[in-house]
Amino acid sequence: MFFAVMAGLRERKKEQTRRRIAEVALRLFAERGYDAVTVNEIAEAAGVAKVTLFSYFPSKDCLVLDGVKDDMARIVAERGAGVTPLAALRAHYRALAAADTQELDVEALMARVRVISASPALLTAVQQAYTEEREDLAAALAAARDPGTTASPAPDLAARVMAAQITATVTTLQETFFARLAAGAPLAEAGRALAEDVELAFDLLEHGHDTERGTS
């Protein structure tokens, strides 16, 4: 029990350090711009060594982009028996939309969006992350169609098109949510709207654009 408690304390301390570094970096980026701030300055302001910073964030852009890429391929690969890829993804984003948002720091979230939007380098990194996510998802969808094979089938056109539709849909959901917050919508209201948007978006993915919501 003692060792478990100590391990838990160490993990909690590591998470606090990680969060502090990320918060300091975001504050400096928001104040001065991403390109104007060095990693050395961030480490000094966060009270950690540069090597410690890199142990949490392997590169400067990770300080902003950490968590931008969602592992949709894993969600598809680890879905339960009899669950379709779309159903697994719908359940995942439904749960995220329904999660308690009371601890969400809207100001920090919007500052992060502004920092990314103002930096061509970060925008390029985001697009690269989305491309990788789409390719990974396409491979997972191709594998889901033929679960009996031991080899990983190469994604065909159908898998690539479906992956493109899904990733574009999720990106649109995120952008719409951020736009509501930027327009001044209360967090609870934006969260409720996001939950409705998730259902509409996956209805359209599942049934097609010509299908009215709520019908099959």
Side-chain angles (χ1 to χ4, degrees), residues 15-16 18-34 61-76 78-80 83-119 122-123 125-127 129-130 133-134 137 162-216:
E15 179 56 31
Q16 289 171 349
R18 190 178 197 281
R19 185 177 303 176
R20 183 174 73 254
I21 294 170
E23 289 174 349
V24 167
L26 181 60
R27 175 175 57 80
L28 292 175
F29 292 152
E31 290 173 354
R32 295 164 47 197
Y34 175 77
D61 61 5
C62 287
L63 288 158
V64 184
L65 301 180
D66 187 47
V68 166
K69 183 179 176 182
D70 200 0
D71 197 351
M72 288 189 271
R74 179 188 57 79
I75 295 165
V76 170
E78 296 179 359
R79 71 194 189 283
V83 179
T84 67
L86 272 180
L89 290 166
R90 183 197 287 261
H92 172 74
Y93 288 106
R94 176 186 285 160
L96 288 181
D100 184 9
T101 57
Q102 293 304 311
E103 295 185 2
L104 183 63
D105 188 338
V106 176
E107 184 176 343
L109 178 64
M110 298 311 298
R112 187 173 168 185
V113 172
R114 289 193 294 271
V115 168
I116 293 173
S117 300
S119 169
L122 289 176
L123 287 173
V126 168
Q127 289 304 314
Y130 285 165
E133 185 173 33
R134 186 178 68 244
L137 179 58
M162 194 64 197
Q165 290 177 334
I166 293 170
T167 52
T169 295
V170 171
T171 298
T172 302
L173 288 171
Q174 294 170 341
E175 291 173 346
T176 303
F177 176 68
F178 293 149
R180 288 194 181 102
L181 292 177
L187 180 58
E189 178 184 320
R192 286 192 296 271
L194 176 61
E196 294 177 357
D197 290 346
V198 167
E199 300 303 329
L200 172 59
F202 278 90
D203 281 349
L204 292 171
L205 283 171
E206 187 170 0
H207 303 299
H209 290 241
D210 294 331
T211 302
E212 292 292 334
R213 186 178 184 186
T215 65
S216 58

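What's counted below: heavy atoms across the whole structure, side chains too, no hydrogens, waters or symmetry copies.
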S.K.: Flag the pair Leu181 / Leu187 as yes when at least one side-chain heavy-atom distance between them is below 4.5 Å, and no otherwise.
M.R.: yes
S.K.: Measure the shortest side-chain to side-chain distance between Leu86 and Ile166 over non-hydrogen atoms and say whether it is less than 4.5 angstrom.
M.R.: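 When only atoms from C-beta onward are counted, Ile166 and Leu86 do touch, with a gap below 4.5 Å.
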S.K.: So, taking the atom named CD in Glu31 and the one named CG in Leu26, what distance separates them when rounded to the nearest 0.5 Å?
M.R.: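 Glu31 CD to Leu26 CG: 9.5 Å, rounded to 0.5 Å.
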S.K.: Between Leu123 and Ser117, what is the shortest heavy-atom contact and its length?
M.R.: CD1-O, 3.6 Å
S.K.: Taking atom CG of Leu137 and atom CD of Gln165, what is their separation to the nearest 0.5 Å?
M.R.: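 Rounded to the nearest 0.5 Å, the CG-CD separation comes to 11.0 Å.
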S.K.: Are Leu109 and Phe177 close enough that some pair of their side-chain heavy atoms sits under 4.5 Å apart?
M.R.: yes
S.K.: Would you say that Asp105 contacts Glu23 through its side chain, given a criterion of any heavy-atom pair below 4.5 Å between the two side chains?
M.R.: no
S.K.: Considering non-hydrogen atoms only, spot the tightest contact between Gln174 and Tyr130 and give its length.
M.R.: OE1-OH, 3.6 Å
S.K.: Sequence neighbours left out, what passes side chain to side chain donor-acceptor pair (under 3.5 Å) with Arg74? Give chain and number order.
M.R.: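 Counting only residues at least two positions away or on another chain, Arg74 forms a side chain to side chain donor-acceptor pair (under 3.5 Å) with Glu78.
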S.K.: Between CD of Glu206 and CG of Leu89, what distance do you get to the nearest 0.5 Å?
M.R.: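 Nearest 0.5 Å value for the CD-CG distance: 11.5 Å.
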S.K.: Of all the heavy-atom pairs spanning Leu194 and Leu173, show the shortest one and how long it is.
M.R.: CD1-O, 4.1 Å
S.K.: What heavy-atom pair brings Arg114 and Glu107 nearest, and what distance separates the two atoms?
M.R.: NH2-O, 4.4 Å
S.K.: Which atom pair, heavy atoms only, marks the closest approach of Ala88 to Arg79?
M.R.: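 Taking Ala88 first and Arg79 second, the nearest heavy atoms are CB-CB, 3.6 Å.
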S.K.: Give me the atom names and distance for the closest heavy-atom approach of Val83 to Ala87.
M.R.: CG1-CB, 3.9 Å
S.K.: Counting N and O atoms only, with roles assigned by atom type, does the side chain of Ser119 sit under 3.5 Å from a partner on the main chain of Val115, one being a donor and the other an acceptor?
M.R.: no
S.K.: Closer than 3.5 angstrom, by distance alone: can the side chain of Arg19 be matched with the main-chain N or O of Gln16 as a donor-acceptor pair?
M.R.: no
S.K.: Rounded to the nearest 0.5 Å, how far apart are CG of Leu28 and CG of Leu63?
M.R.: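 So the gap between those two atoms works out to 10.0 Å.
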S.K.: Report the distance from atom OH of Tyr93 to atom CE of Met72, rounding to the nearest 0.5 Å.
M.R.: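 So the OH of Tyr93 and the CE of Met72 are separated by 4.5 Å.
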S.K.: Can you tell me which residue pairs pass the salt bridge (Lys or Arg N to Asp or Glu O under 4.0 Å) test with a partner in residues 165-192, sequence neighbours excluded?
M.R.: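 For residues 165-192, and leaving out neighbouring residues, the salt bridge (Lys or Arg N to Asp or Glu O under 4.0 Å) pairs sorted by first residue read Arg180-Asp197.
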S.K.: Under the ring pair (Phe, Tyr, Trp, His ring centres under 6.0 Å) test, which residues partner Tyr34, sequence neighbours left out?
M.R.: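 So Tyr34 forms a ring pair (Phe, Tyr, Trp, His ring centres under 6.0 Å) with Phe29.
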